[in-house]
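So the structure is just underneath, and the comments pick up after that.
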Amino acid sequence: MIQEASAMGLLRTILIIVLVYFGFKILARLFAPILLKFVAKKAEEKFGGQFGGFQNQNQQRQEQKQKEGETIIDKMPNNNGSSNPKVGEYVDYEEID
């Protein structure tokens with residue numbers, strides 16, 4: 001009961017393999033962008049969930065109150081540190097190779 005390989009059987013097998021290969025390539029090209037968007041969205045949600053909870057309540061309130069284009073200064077700089085007039089004058093120079 002040994003069966004011999006025929007030329008038609010070999011061609012049929014090769015044709016099936018080629019059709020499966022090209023079918024997979026076409027389907028991958030269609031569904032890869034959708035799959036990548038889904039994976040990126042899930043990663044963004046996971047990343048945001050890990051680091052989004054670290055904002056304290058004051059920052060969240062300020063973000064809600066602040067309007068677009070508005071500038072808020074939280075701390076004014078100290079004006080006690082004035083420059084020392086005994087240091088000398090500043091000379092601008094250019095380095096030569």
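Sequential numbering from 1 along the given sequence is applied to the chain's residues.
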Ignoring hydrogens and angles, write down the donor-acceptor pairs under 3.5 Å from the side chains of residues 30-46, residues two or more places apart or on other chains.
none

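- When the side chain to side chain contact (heavy atoms under 4.5 Å, CB included) test is applied to Val20, the partners found at least two apart in sequence or on another chain are Ile16.
- Through direct or indirect side-chain contacts shorter than 4.5 Å among Ile, Leu, Val, Met, Phe, Trp and Tyr, Met8 is connected to no other residue.
- Cluster partners of Val18, using a side-chain heavy-atom cutoff of under 4.5 Å among ILVMFWY residues and allowing indirect links, are Leu10, Ile14, Tyr21, Phe22.
- Under a 4.5 Å side-chain heavy-atom cut-off, the cluster of Ile, Leu, Val, Met, Phe, Trp and Tyr residues that includes Leu15 is completed by Leu19.
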